[in-house]
Every structure is written in C-alpha cells, then in structure tokens.
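Below is one structure, written out as structure tokens; the observations come after it.
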Amino acid sequence: MIGPNHFLPVLTLLIFPIFLFAQHVESSVQHRHDEKASSFLIAILMEHTLVPEKHVNQNFFIPSWGFDIEYWMNKQWGIGLHTDLEIETFVILSDSGGDELERHYPVVLTPDALYRP
C-alpha cells in the first residue's frame, strides 16, 4: 500500500513520462508561435527556490513545484504569471528585530513582462 511517505516519488514516476516529450512539444509550439501573432505557453515545473539567510551568510535551496502561464502578444513581447509552491516549512528571521517567521508551504506569485530578443 502507498503511504504518505511514498506520495511524491510515485507522483514523480507518474508525471515524469510527460516530460520525456518536452523537446518535441516545444518544437511544435515554436513552429506554431512563428506562424501566429499570439500564443499561450503553459509549463509545470519541478524546481528549487533560493532562500538567502542574511544573518549566517548561507543560502538554502527549497524544493518547489512551479506553474507558469505565458501569453505572447507577438514574436517579441509577452506577459506571464509564474507561480512557485515551496514544499518545505522553514523559519526565517525578520529584518526589523530578529523575530522568527515560520513559513508553511509558501506560494510565490510573480507577474512578468516578457521580452524575447
């Protein structure tokens, strides 16, 4: 039986084959992008997020999942929303007075202006 400790490895094994075809999909998306004036791009990512620790001069890398949506208005300009869900609970010190802030699975939303040279 699959327990809670096996959830992420099993999910990774189920999702990994989708990424094997990423190069082919990107090629067809790029071809379609050249034909049209506008297009949407969607990506699901497994990544690491940098959490700098200023007080001890160390950096921590937190595993995270990402979900990106991009809308390209033409061949050079686009807008996007990039989302990260960090898969760790961690404590950081605030800049003001050394108070500890505990972060439980934080979500980072970033609206972006995109430019392709």
Side-chain angles (χ1 to χ4, degrees):
M1 176 143 190
I2 298 175
N5 293 337
H6 297 103
F7 178 72
L8 282 177
V10 170
L11 182 66
T12 303
L13 289 174
L14 292 173
I15 292 177
F16 183 72
I18 295 170
F19 296 109
L20 293 177
F21 299 102
Q23 185 64 38
H24 177 69
V25 172
E26 179 65 29
S27 174
S28 64
V29 168
Q30 182 64 33
H31 180 66
R32 236 182 305 127
H33 181 70
D34 291 340
E35 294 174 359
K36 292 183 180 180
S38 63
S39 65
F40 279 97
L41 296 175
I42 298 174
I44 298 173
L45 310 164
M46 292 187 315
E47 56 195 10
H48 286 84
T49 302
L50 172 67
V51 179
E53 181 60 52
K54 299 175 188 175
H55 304 286
V56 293
N57 294 326
Q58 291 182 344
N59 293 324
F60 298 99
F61 293 92
I62 307 295
S64 57
W65 286 96
F67 180 73
D68 298 347
I69 300 174
E70 297 176 357
Y71 174 70
W72 289 90
M73 296 170 275
N74 55 41
K75 292 181 181 181
Q76 287 187 320
W77 292 98
I79 56 173
L81 178 65
H82 296 173
T83 308
D84 294 333
L85 169 62
E86 298 171 3
I87 312 176
E88 293 266 339
T89 298
F90 55 92
V91 176
I92 59 172
L93 297 175
S94 68
D95 291 335
S96 59
D99 296 330
E100 291 184 352
L101 302 172
E102 188 171 359
R103 302 291 186 198
H104 297 280
Y105 305 104
V107 176
V108 180
L109 298 172
T110 309
D112 295 319
L114 306 169
Y115 175 72
R116 183 180 294 161

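- Heavy-atom minimum distance, Ser64 versus Glu86: CB-CA, 3.7 Å.
- Taken from CG in Leu81 to CD in Glu70, the straight-line distance is 10.5 Å, to the nearest 0.5 Å.
- Ile87 approaches Ile62 most closely through the heavy-atom pair N-CG2, 4.3 Å.
- Here the closest non-hydrogen pair linking Pro63 and Glu88 is CD-CG, 3.6 Å.
- Atom-to-atom distance recorded for Leu85:CG and Thr49:OG1 is 9.0 Å, nearest 0.5 angstrom.
- The hydrophobic clustering, which links ILVMFWY residues whose side-chain heavy atoms are closer than 4.5 Å, places Trp65 and Val108 apart.
- Once rounded to the nearest 0.5 Å, the distance linking CG of Leu109 with OG1 of Thr83 reads 5.0 Å.
- Evaluation of the side-chain hydrogen bond (donor to acceptor under 3.5 Å, both in side chains) test over residues 102-114, restricted to residues two or more places apart or in two chains, returns His82-Asp112.
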#### Entry: Pair Trp77-Trp72, side-chain contact (heavy atoms from CB on, under 4.5 Å): steps then yes or no
CA-CA 6 Å; Trp77 292 98; Trp72 289 90; 5.7 Å; no
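- Here the straight-line distance linking atom CG of Leu50 with atom CZ of Phe60 works out to 10.5 Å at 0.5 Å rounding.
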